[in-house]
Amino acid sequence: MMVEIKAEDAFQQAIAQDKVVVVKFFTTWCPDCHRIDPFMPDVEEAYKEKLTFVEVNRDTLPELSQSLEIMGIPSFVAFQNGKELIRFVSKLAKSREEIEQFLDRAIQVSEALKQA
């Protein structure tokens, strides 16, 4: 189960890891957020060796969401060592396949950076 980050300092700590951290931005009132809920635990399980997942309610941390320019929800942003690697931010509904493609890409970007 994803840990919900409820404070900005906790967010900064979470994304500072050497492991890739994928942040899911959501709200309680967003229908597309609820649409991905049934399959997200399976996705987390499949990627748990390579990725850490946390979630942020955009309504709980509006300033943070604004500073990161999170407009559409649900949105996914991958971080490593405190820096953004890649994001999947759009107003469109997101399928499991699209989310998994994004996660694969985040892993690729991370590995490419390590070799650089």
Side-chain angles (χ1 to χ4, degrees):
M1 191 62 201
M2 257 185 240
V3 175
E4 186 182 335
I5 304 274
K6 296 187 176 182
E8 194 153 343
D9 55 349
F11 173 81
Q12 297 302 339
Q13 276 179 330
I15 66 165
Q17 298 179 51
D18 191 42
K19 192 172 177 185
V20 178
V21 178
V22 174
V23 184
K24 178 185 95 175
F25 290 87
F26 75 102
T27 62
T28 52
W29 48 264
C30 148
D32 288 336
C33 298
H34 293 300
R35 206 167 290 136
I36 68 172
D37 285 344
F39 62 74
M40 280 310 292
D42 291 343
V43 171
E44 283 178 67
E45 183 63 29
Y47 285 87
K48 71 177 184 194
E49 299 301 318
K50 295 195 169 179
L51 304 171
T52 297
F53 291 87
V54 296
E55 59 184 7
V56 170
N57 184 329
R58 208 176 65 173
D59 293 340
T60 306
L61 294 174
E63 295 87 359
L64 174 67
S65 302
Q66 205 169 357
S67 69
L68 292 169
E69 296 179 9
I70 306 298
M71 304 304 171
I73 40 169
S75 284
F76 295 86
V77 185
F79 294 90
Q80 188 170 25
N81 298 317
K83 295 188 175 69
E84 182 178 324
L85 294 178
I86 183 175
R87 56 173 51 204
F88 184 14
V89 176
S90 70
K91 289 191 168 69
L92 303 172
K94 291 161 182 66
S95 69
R96 178 172 182 162
E97 188 183 23
E98 289 171 322
I99 292 168
E100 288 176 344
Q101 284 171 348
F102 164 75
L103 298 174
D104 291 339
R105 186 86 186 95
I107 292 164
Q108 286 170 351
V109 171
S110 165
E111 286 169 358
L113 285 172
K114 280 184 184 153
Q115 288 158 4

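Numbers for residues simply follow the sequence, beginning at 1. Keep in mind that what you see is a predicted model, and the values were worked out from it rather than measured.
Ile5 is not listed as a side-chain neighbour of Gln13, based on a closest heavy-atom distance of 4.5 Å or more. Counting only heavy atoms from C-beta outward, the side chains of Phe26 and Ile73 never approach each other to under 4.5 Å. At least one side-chain heavy atom of Val22 sits under 4.5 Å from a side-chain heavy atom of Phe102. At a threshold of 4.5 Å between non-hydrogen side-chain atoms, the residues Tyr47 and Val20 do not count as touching.
Rounded to the nearest 0.5 angstrom, Trp29 CH2 and Arg58 CZ are separated by 5.0 Å. Note: Ile15 CD1 to Leu68 CG = 7.5 Å, rounded to the nearest 0.5 Å. Atom NZ in Lys83 sits 9.5 Å away from atom CG in Leu113 (nearest 0.5 Å). One distance of note links SG of Cys30 with CD1 of Ile36; it measures 7.5 Å at 0.5 Å rounding. In this structure, the separation between CZ on Phe25 and CG on Leu61 is 8.5 Å, given to the nearest 0.5 Å. Here the CG atom belonging to Asp37 is positioned 11.0 Å from the CG atom belonging to Asp32, to the nearest 0.5 angstrom.
Both Phe39 and Phe53 are part of a single hydrophobic cluster, where members link through side-chain heavy atoms under 4.5 Å apart. Follow the hydrophobic side-chain contacts under 4.5 Å out from Phe79 and you never reach Val109; the two are in separate clusters. Using a 4.5 Å cut-off between side-chain heavy atoms of Ile, Leu, Val, Met, Phe, Trp and Tyr, with links allowed through other members, Leu103 and Val89 fall into different hydrophobic clusters. A continuous path of Ile, Leu, Val, Met, Phe, Trp and Tyr side chains, each step under 4.5 Å between heavy atoms, connects Met2 with Leu51, placing both in one hydrophobic cluster. No path of Ile, Leu, Val, Met, Phe, Trp and Tyr side chains, each step under 4.5 Å between heavy atoms, connects Met40 with Val21, placing them in separate hydrophobic clusters.
Not a single donor-acceptor pair under 3.5 Å links the side chain of Glu100 to the backbone N or O of Glu97.
Closest of all the heavy-atom pairs between Ser110 and Gln80 is OG-OE1, 2.9 Å. Among all heavy-atom pairs drawn from Ala106 and Ala78, the shortest one is CB-CB, 3.8 Å.
Within a 6.0 Å radius of NZ in Lys19, more than 12 heavy atoms belonging to other residues, nucleotides or ligands are found. Within a 6.0 Å radius of CZ in Arg96, other residues, nucleotides and ligands contribute more than 12 heavy atoms. Under a cut-off of 6.0 angstrom, the local environment of CD in Gln66 is sparse, with at most 12 non-hydrogen atoms contributed by other residues, nucleotides or ligands.
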Candidate pair Thr27 and Asn57, rule side chain to side chain contact (heavy atoms under 4.5 Å, CB included), full reasoning: CA-CA 5 Å; Thr27 62; Asn57 184 329; 4.1 Å; yes

Stepwise salt bridge (Lys or Arg N to Asp or Glu O under 4.0 Å) test for Asp18 and Lys114: CA-CA 10 Å; Asp18 191 42; Lys114 280 184 184 153; 5.0 Å; no

Ile70 and Val77: CA distance, side-chain angles, deciding distance, side chain to side chain contact (heavy atoms under 4.5 Å, CB included) verdict: CA-CA 9 Å; Ile70 306 298; Val77 185; 3.7 Å; yes

Glu45 and Lys48: CA distance, side-chain angles, deciding distance, salt bridge (Lys or Arg N to Asp or Glu O under 4.0 Å) verdict: CA-CA 5 Å; Glu45 183 63 29; Lys48 71 177 184 194; 2.7 Å; yes

Side chain to side chain contact (heavy atoms under 4.5 Å, CB included) assessment of Gln108 paired with Ile86: CA-CA 10 Å; Gln108 286 170 351; Ile86 183 175; over 6 Å; no

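Remark: Lys94 qualifies as a cation-pi partner of Phe88 under the 6.0 Å distance and 45° angle criteria applied to the six-membered ring.
Scored by the side chain to side chain donor-acceptor pair (under 3.5 Å) test, Glu98 finds Ser95 as partners (sequence neighbours excluded).
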